[in-house]
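First the proteins, then the strands, lettered A, B, ... as listed; each starts at 1. As the structure is a computational prediction, the values presented were derived from the model and not from experiment.
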Protein chains: 2
Amino acid sequence: MNYRILLVEDEEHLRDTIKLNLELEGYTVIATGDGLDALNTIREGRFNLVILDIMIPTMNGLDVCERIRLENRDTPILVLSAKNSSEDRVKGLKLGANDYLTKPFNLEELLLRVGILVKSGLKGTEKEKDLYRYRFGDNEVDFSTYTVTNSKGSFQITKRETMLLKLLIEKKDQVVSREQILEKVWGYDVFPSTRTIDNFILAFRKYFEQDPKNPKHLHSVRGVGYKFTD
Amino acid sequence: MNYRILLVEDEEHLRDTIKLNLELEGYTVIATGDGLDALNTIREGRFNLVILDIMIPTMNGLDVCERIRLENRDTPILVLSAKNSSEDRVKGLKLGANDYLTKPFNLEELLLRVGILVKSGLKGTEKEKDLYRYRFGDNEVDFSTYTVTNSKGSFQITKRETMLLKLLIEKKDQVVSREQILEKVWGYDVFPSTRTIDNFILAFRKYFEQDPKNPKHLHSVRGVGYKFTD
DNA sequence: AGGTTTCTGACAATCGAATGACAAATCCTG
DNA sequence: CAGGATTTGTCATTCGATTGTCAGAAACCT
């Protein structure tokens, strides 16, 4: 079996070291030092693991992590960081990283953890359904099939809608600004007008709310953005 | 789903704290402070995760770790330790631990890592369905002979078609992304264009659908992939 | 309070990327 | 080399995403 690993690390020397060692272990390694680059690469190819330094230029590494998770639920992510505060580790793990390693690290430990992650990803791309379901009101959303079920019946929503909904639910009870939404769901280089987001919310209200005019779950916060509550 | 966790920790106070917190998260926790005890317990019951302090009395925690791995390949192990030397971490990971956390640790981080491990262990539980024959609509597919029988008659399909069809049927009612399809049917290092997959689906619709224009079994999910339903 | 400005709701119109459809080229395998 | 299997190329079509517009609601400011 040929395992493919995407390595995102900006320090050139370290990048080469890690790449070399992983290749000696038999992995195929694609390496880049840039976050945007990484996102593009991951969209094109398939990987068994992403090793991600969160202190990279161009964009925040944690955002890269979150974005990979919005688009792609399966690929394991191993986060590297110079910060050793537990808050940072917690933040990384919350955004969907599968493991977190602090620099400087023991190379052998890295290789061991890589081995563990790569294998765990293999066991089955499909995970338990419950992990991808979310219930609120009389709605049930299945993020793996893009399906919504409620009293009105059962229907499909689109990928974009799913990503946005996921983001709002992740940040439940918090206001998410339009900028944040654009950044996370659409990316750094695309800038649709703000009407677009409104239209998505509009659609959500039609899908999920008993009375779309008096939303119980999808609230507008004037001048800022939107907020999801149960 | 009821997850069962075995907690092995000799400091009583810490043990109670962890146990309580895990239970608040909804896990069932069996706790013990003794290594031998732990081995006996794990032989009796099935667990989704073992949390193991390697500084426990009666026997060396690393030995316990090794024993568990010898007897039981699947159960994830999370090692706790006061030692923070990388050699110790490497030693633990080499003996089969899936993760390693140093005391004192952030409780939230522990809970997050527990969540990740418990889920990763699940993936393996799912058994590959051994499909031999499958019926849907007025079609009957025999995967061993690559033969399809329906009202239009009986004919052969190719190996690749069979692989793809099997994948879609295994993931019935779920959206299978193009990436997943490529990964499973073509492998990691082959990159045919997306048109290829489309053509296979096209063929399937001609084979299996009464009205290929309004497919009842092979649905497109725009921007993602395809979905099979009965 | 009243008038002004800014923001969101609502929906129609438009655009463009993803897919459908099929032909042609290439790759295999015997 | 023949013949099917697989892949690529091209154009048509469809559907989701985006923009534009306007009305009404909320905030702002004397």
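Per the geometry, CG belonging to B:Leu202 stands 13 Å off C1' belonging to D:dT13, to the nearest Å. Following rounding to the nearest Å, B:Asp198 (CG) and D:dT14 (C1') show an atom-to-atom distance of 14 Å. Whole-Å rounding puts the A:Met163 CE to D:dG16 C1' distance at 15 Å.
Defined by atom type and a distance below 3.5 Å, a donor-acceptor pair is present between the side-chain atoms of B:Thr28 and B:Asn2. Between B:Asp142 and B:Thr147, the side chains place no donor N or O within less than 3.5 Å of an acceptor N or O (distance only, hydrogens not considered). Judged by distance alone, the side chains of A:Ser86 and B:Glu109 never bring a donor and an acceptor atom under 3.5 Å apart.
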Please tabulate, one pair per line, each protein N/O and nucleotide N/O from nucleotides 5-8 of chain D that are separated by under 3.5 Å, including the distance.
| unit_1 | atom_1 | unit_2 | atom_2 | d |
| --- | --- | --- | --- | --- |
| D:dT6 | OP2 | B:Thr158 | OG1 | 2.4 |
| D:dT7 | OP1 | B:Arg160 | NH1 | 3.0 |
| D:dT7 | OP1 | B:Trp186 | NE1 | 3.0 |
| D:dT7 | OP2 | B:Trp186 | NE1 | 3.1 |
| D:dT8 | OP2 | B:Ser193 | N | 2.7 |
| D:dT8 | OP2 | B:Thr196 | OG1 | 3.4 |
| D:dT8 | O4 | B:Asn199 | ND2 | 2.5 |

Distances under 3.5 Å between nitrogen or oxygen atoms of protein and nucleotides 26-30 of chain D:
| unit_1 | atom_1 | unit_2 | atom_2 | d |
| --- | --- | --- | --- | --- |
| D:dA26 | N3 | A:Arg222 | NH2 | 3.4 |

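Residues satisfying the ring-ring contact (aromatic ring centres under 6.0 Å, His included) criterion with A:Phe155, sequence neighbours excluded, are A:Tyr207.
Heavy atoms of other residues, nucleotides or ligands lying less than 6.0 angstrom from NZ of A:Lys91 number 12 at most. Counting non-hydrogen atoms of other residues, nucleotides and ligands closer than 6.0 Å to NZ of B:Lys216 gives a total of 12 or fewer.
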Quiz item: Between A:Arg205 and A:Ser220, does a side-chain hydrogen bond (donor to acceptor under 3.5 Å, both in side chains) hold up when you go through it step by step?
Solution: CA-CA 11 Å; A:Arg205 293 203 178 124; A:Ser220 301; 2.9 Å; yes
Self-check item: CA sep, side-chain torsions, deciding dist, call: A:Arg15, A:Asp53, salt bridge (Lys or Arg N to Asp or Glu O under 4.0 Å)
Solution: CA-CA 10 Å; A:Arg15 182 168 74 228; A:Asp53 185 343; over 6 Å; no
Quiz item: Step by step, would you call A:Arg113 with B:Asp99 a salt bridge (Lys or Arg N to Asp or Glu O under 4.0 Å)?
Solution: CA-CA 8 Å; A:Arg113 289 191 185 260; B:Asp99 204 344; 2.7 Å; yes
Practice problem: Given salt bridge (Lys or Arg N to Asp or Glu O under 4.0 Å), test B:Glu179 with A:Arg43 step by step and report yes or no. | Solution: CA-CA 9 Å; B:Glu179 285 79 42; A:Arg43 281 192 201 108; over 6 Å; no
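The main-chain N or O of A:Ile68 is never found under 3.5 Å from a side-chain atom of A:Glu71 such that the two would form a donor-acceptor pair. No donor-acceptor distance shorter than 3.5 angstrom exists from the side chain of B:Thr196 to the backbone of B:Pro192, with no hydrogens or angles considered. With hydrogens and angles ignored, the 3.5 Å screen pairs a side-chain donor or acceptor of A:Arg69 with a backbone N or O of A:Thr75.
Axis angle across the helix from C:dA1-D:dT30 to C:dG30-D:dC1, with five pairs used at each end and values rounded to 10°: 50°.
For DNA chain C, the outermost nucleotides in 5' to 3' order that have an atom under 4.0 Å from a heavy atom of chain A are C:dT6 to C:dC11.
Among A:Tyr226, A:Tyr134, A:Phe208, A:Phe136, the single residue meeting the ring pair (Phe, Tyr, Trp, His ring centres under 6.0 Å) criterion with A:His217 is A:Phe136.
Taking CG from A:Asn139 and NZ from A:Lys152, the interatomic distance works out to 7.0 Å, rounded to the nearest 0.5 Å.
The 5' end of DNA chain C is approached more closely, in terms of each residue's nearest nucleotide, by A:Gly225 than by the other of A:Gly225 and B:Gly225. Nearest-nucleotide positions on DNA chain C place B:Val224 closer to the 5' end than the other of B:Val224 and B:Lys206.
Within residues 212-221 of chain A, the residues that place at least one heavy atom under 4.0 Å from DNA chain C are, in residue-number order, A:Lys213, A:Ser220, A:Val221.
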